[in-house]
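Report on one structure; see the data block that follows.
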2 protein chains.
Amino acid sequence: MQPDDLDARLVQLLTDHPQLPILECARRLGVARGTVTSRLARLQAGGVISAIVPQVDPAGFGYDLVAFCSVDIIQNIGHEPVTEAILAAIPEVTDLYTVTGDHDLHLRVVARNGQDLQDVLDRISQLPGVARTSSSLALRTHIQGRTLPLLHAVTDSTS
Amino acid sequence: MQPDDLDARLVQLLTDHPQLPILECARRLGVARGTVTSRLARLQAGGVISAIVPQVDPAGFGYDLVAFCSVDIIQNIGHEPVTEAILAAIPEVTDLYTVTGDHDLHLRVVARNGQDLQDVLDRISQLPGVARTSSSLALRTHIQGRTLPLLHAVTDSTS
DNA sequence: GGTGAAAGGTCATTAAG
DNA sequence: CTTAATGACCTTTCACC
């Protein structure tokens with residue numbers, strides 16, 4: 001679907017003020033309450049808004065280390081068994097992608113400290129189907145999961 | 001902070017049923033209403049719950065291509081100017097990390113299609129301070145931003 | 001547990017593309 | 001003619017005491 005400028009401003013407003021009532025949103029955007037309601041419904045139906053749920057941050061309970069890990073898979077094994085094994089066995093894996101390039105899988109993992117990270121990477125390496133892993137530590141997270149600038153860019157160029 | 005099993009079940013409940021009233025949460029968890037309220041407040045204050053906001057999914061408005069890009073920075077330039085330039089100029093960058101290893105920065109970018117992706121990568125390459133980029137395309141997103149399994153693992157071993 | 005107040009869902013009307 | 005916005009009604013629910 002194609003969101004417009006009003007959609008972008010609505011999402012921005014809700015992002016800045018998480019629990020702002022719909023009536024207040026309508027007031028600040030200068031539209032009727034029903035408009036805000038229908039827009040929200042349309043955004044959710046269209047998949048632009050995937051969910052409105054509590055965002056759990058692992059750093060909040062000690063997992064403040066982030067690393068990226070590339071996994072090579074043993075040749076004659078499919079991707080599925082390996083990805084399923086990783087997802088099932090390693091809760092520290094927050095993101096898992098099949099990628100092109102030098103390696104097969106790309107994952108983002110979190111850990112409590114260096115020792116814990118080594119343990120996590122070891123557990124991944126020892127999973128059946130995993131041939132080799134290589135990793136790099138995130139020294140600093142400049143931004144993570146930002147999407148609003150893109151949404152604004154799209155709606156600005158549209159209007 | 002250290003969340004316990006009740007915290008994990010509360011977050012799980014709210015994740016499964018996004019707009020479940022607090023009273024209903026208390027009923028299903030078998031605790032008093034005030035308990036749920038105070039738990040939620042504590043989780044937010046402690047940073048375990050970072051926010052409860054609409055999750056914007058770029059795939060919802062056409063950006064269904066995901067790629068990872070490694071950036072090498074020109075030696076005598078600091079990281080800050082480059083990261084700031086990237087964040088300011090390229091809205092397609094959703095994640096940006098300073099990392100250890102063969103490269104300096106690790107980013108996640110989204111695009112509308114292959115041609116659009118090439119354009120995005122070109123724009124990154126041409127930013128001042130960027131020496132070189134290399135990228136890999138995500139063929140499949142198995143999981144992204146999952147944290148609940150980790151939360152459950154932590155609280156299970158704690159209890 | 002009771003009470004005041006506000007939020008959200010629904011609908012008919014109206015304006016606009 | 002289709003689509004969307006408006007404003008008001010009504011029911012339900014929440015937070016407070």
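As a basis for the values below, the full set of heavy atoms in this structure was taken, side chains included, without hydrogen atoms, waters or symmetry mates. In what follows, every chain begins at residue 1, and chains take the letters A, B, ... in the order their sequences are listed. Model, not experiment: these values are computed from the prediction.
Distance A:L14 CG to C:dG8 P: 10 Å, rounded to the nearest Å. Taking atom CD of residue B:Q19 and atom C1' of nucleotide C:dG9, one finds them 12 Å apart after rounding to whole Å. Separating the CG atom of A:D4 from the P atom of D:dA4 is a distance of 11 Å, rounded to the nearest angstrom. Rounded to a whole Å, the CG atom of B:L23 is 18 Å from the P atom of C:dA7. Atom CD of A:E24 is separated from atom C1' of C:dG8 by 16 Å (rounded to the nearest Å). Following rounding to the nearest Å, A:R39 (CZ) and D:dT6 (P) show an atom-to-atom distance of 9 Å. Rounded to an integer number of Å, the gap from CD1 of B:I22 to C1' of D:dT13 is 11 Å. In this structure, A:Q44 atom CD and C:dG8 atom C1' are separated by 14 Å, rounded to whole Å.
Side-chain contact check for A:H106 and B:S136: no donor-acceptor pair (N or O, by modelled atom type) lies under 3.5 Å.
B:S50 approaches A:D57 most closely through the heavy-atom pair CB-CB, 4.2 Å.
Checked for salt-bridge contact, B:D4 and B:R9 miss the test: no charged N lies under 4.0 Å from a carboxylate O. Salt bridge absent: A:E92 and B:R146 never bring a charged side-chain N and a carboxylate O closer than 4.0 Å.
Distances shown here put a side-chain N or O of A:T35 below 4.0 Å from the OP1 or OP2 atom of D:dT6.
The base of C:dG8 is paired with the side chain of A:R33 by a donor and an acceptor separated by under 3.5 Å.
Two residues, A:P21 and A:G34, neighbour DNA chain C, and the one matched to the more 5' nucleotide by heavy-atom proximity is A:P21.
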